[in-house]
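Structure first, then comments.
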Amino acid sequence: MTINKHILLGVSGGIAAYKSAELVRLLRKQGAEVRVVMTQSAMQFISPLTFQSLSGNPVHSELLDADAENAMGHISLARWADLLIIAPATANLIAKLSHGLADDLLSTLYLAATCPVYVAPAMNQAMWNKAVTQENIEKIRRHSVRVIGPEQGDQACGETGFGRMSEPTGICSFLAQALEDQTPAAAPCLHGLKVLISAGPTREPLDPVRYITNRSSGKMGYALAKAALNAGAEVTLVSGPVALAAPANIEVVNVETAAQMHEAVMSRAPDHAIYIGAAAVADYSPAIMQPEKIKKQDEQTTIILQKTKDILAEVARLDKRPFTVGFAAETHNLEAYARDKLARKKLDMIAANWVGRELGGFDSEQNALHVFWENGGETLEMTDKTRLAEQLISLIAGRINTPLNKKGE
Ligand code: C5P
C-alpha cells in the first residue's frame, strides 16, 4: 500500500519514542511526507536530530517561537497535515487532549487540526488501566480520535500487561488502511444551484454600547457555505458578527441585528434553490433601543423584549420557496422538538444538535447532528464541522434530487 499523504507525527515523552523513529522511516518508504512535532519530554528520550534526519524536515517543538512561526506556524502546520498521528501518546498527553488543553505545540496542533487524528498510547499497565485514563480514552474516542493499541506484553519498567505501544509496522499498516477507507470527497452535486445560508449570532442593541447576543461562532454556517461551494453551488452567506475570515468565492452579506438578517435573507430567498438557516437568530430583541447609554440607577431593572420575526418560518411560507433547512439546538427531547419544528415551520429538513451537554455545539470545533425530514432521518456522528457540513450538504443534495422535491413537481 502507498501513502501519498502529508503525515504529521506527534511524539510525546515515553520510552516508546525510539519506536517512532522507525515509524517515520516506514511511512516515508510508503511515499508519505512526514513532519515531526516533539514535546519537551519527548526530547529527553530521543534527539530531534534523529527525527530530522529520518523525516528530511526540521522538527517542530516550540509553540511560541517567532522563527518557527514565520517558517511554518502552528495553524499552517495543522492545515498542511492530511493526518495527525501521535505516537507514543502518554497518559498525560491523552489527558490534555481529552480536556482540550493547549499549553504546548503538540496539544495546540491537535486542537487546530481538522484532519483525522490517531493516537498510539504507550504507558505503564497500571497507568493505562487507571479509571481516569480509560475515561480520557473514551472521551477522545467520542471526539473522533482513533486509538491504535496499546498491546499487551513486557514493559520497559519490568511489569507485564496492556500499555506497550503498537509496533511501527502495525501502526503504519493501520494508517495506510484507514487512508484507503476514507471516502473520496463528495462529487459536486449542487452544480449551478444558488444556495443562501445564514450564519453566526445576531446582536440586539439595548443602547449605543450594549447588546444582547449568544455564543454562536458561525463555524457551522461558514463550513456549510464552503461545502456548498465545493459541491458546485453559487453561495451567498448572510452573516452575523463572527471572528471568521470571509471565505473566498462566496458573497458575504454582513448584518448585525435579527431585523437586518431578516431583510437580507427575505430579499434574496425567492431566487435561491436552497436556504439553510444556520444562524442563531435572537428570539427576542429589546423593544426600545435607548438612544443614550442607560444609566446605573435602581438595584433592579427591567428590559422589555419583543419577539423577532422568524426568518426560517417566513422563508418556508414564501410562494416561491427554496428547499428550506433549519437548525434546532435542544437540551432535551431532541427528536420530538425537532420534528415539531419541522412540521410547524413547514421545513424540508431540520438538523438538530444537543446543547448544554459536554460535547460539541455552540462555539465548538466539533458537533454531531440528528437530521430529520418528513418520514425519515439520519444521524451524522460527532466529527469536525468541516466534515459534518460536507455530510449535511450531501444529504440536502440527495433530498432535493428526490422526485418529490424536484423543481416544478
Ligand atoms: O425555533 P428555534 O429558534 O429553535 O428554531 C431554530 C431555527 O430557526 C434555526 O434554523 C434559526 O436559524 C431559525 N430562526 C430564524 N429566525 C428567528 C429564530 C430562529 O430563522 N427569529
Side-chain angles (χ1 to χ4, degrees), residues 195-205 211-225 227-228 235-242 253-270 272 274-287 305-318 321-357 360-363 367 369-373 377 380 385 388-389 392-393 395-396 399:
V195 176
L196 181 64
I197 298 173
S198 64
T202 61
R203 281 182 186 167
E204 309 306 321
Y211 52 78
I212 300 176
T213 191
N214 59 65
R215 291 183 193 279
S216 167
S217 64
K219 283 174 194 155
M220 192 66 213
Y222 275 58
L224 282 165
V235 185
T236 302
L237 182 60
V238 176
S239 176
V242 294
V253 182
N254 289 304
V255 297
E256 278 213 12
T257 63
Q260 289 166 357
M261 187 170 276
H262 177 267
E263 155 62 25
V265 170
M266 295 313 294
S267 60
R268 289 170 176 81
H272 282 75
I274 298 170
Y275 171 62
I276 309 176
V281 188
D283 290 328
Y284 291 90
S285 99
L305 298 173
Q306 178 73 42
K307 218 174 192 174
T308 56
K309 291 181 182 161
D310 193 316
I311 307 168
L312 188 63
E314 279 193 36
V315 169
R317 279 200 303 266
L318 287 171
R321 77 198 284 271
F323 182 91
T324 309
V325 184
F327 272 76
E330 305 292 351
T331 52
H332 56 291
N333 291 347
L334 182 128
E335 176 159 2
Y337 282 127
R339 283 205 178 277
D340 171 67
K341 225 167 269 184
L342 179 78
R344 200 165 25 83
K345 300 198 188 193
K346 300 192 176 1
L347 309 178
D348 296 294
M349 187 183 271
I350 192 153
N353 65 279
W354 291 107
V355 283
R357 293 192 166 202
F362 268 28
D363 205 12
N367 206 356
L369 287 176
H370 304 271
V371 187
F372 305 105
W373 54 87
L380 305 177
K385 287 182 176 172
L388 202 59
L392 185 59
I393 289 293
L395 271 185
I396 293 171
R399 295 295 303 160

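Counting starts at 1 for both ligands and their atoms, in listed order.
- The side chain to side chain contact (heavy atoms under 4.5 Å, CB included) test with Val315 is passed by exactly one of His272, Lys346, Met266: Met266.
- In this structure, ligand 1 sits under 4.0 Å from heavy atoms belonging to Gly277, Ala279, Val281, Ala282, Asp283, Thr308, Lys309, Asp310, Ile311, Leu312, Gly326, Phe327, Lys341, Lys345.
- Remark: the backbone N or O of Arg339 is not paired with any side-chain donor or acceptor of Arg344 at under 3.5 angstrom.
- Salt bridge absent: Asp348 and Arg399 never bring a charged side-chain N and a carboxylate O closer than 4.0 Å.
- Residues satisfying the side-chain contact (heavy atoms from CB on, under 4.5 Å) test with Ala389, not counting sequence neighbours, are Met220, Ala223, Leu224, Ala227.
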- Message: Go through it in stages, so that I can follow the logic: the residues are Leu312 and Thr324, the test is side-chain contact (heavy atoms from CB on, under 4.5 Å), and I'd like the CA-CA distance, side-chain angles, deciding distance and then a yes or no.
- Response: CA-CA 8 Å; Leu312 188 63; Thr324 309; 3.7 Å; yes
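- Using a 3.5 Å distance cut-off with no hydrogens or angles, the side chains of Thr257 and Tyr211 do not pair a donor with an acceptor.
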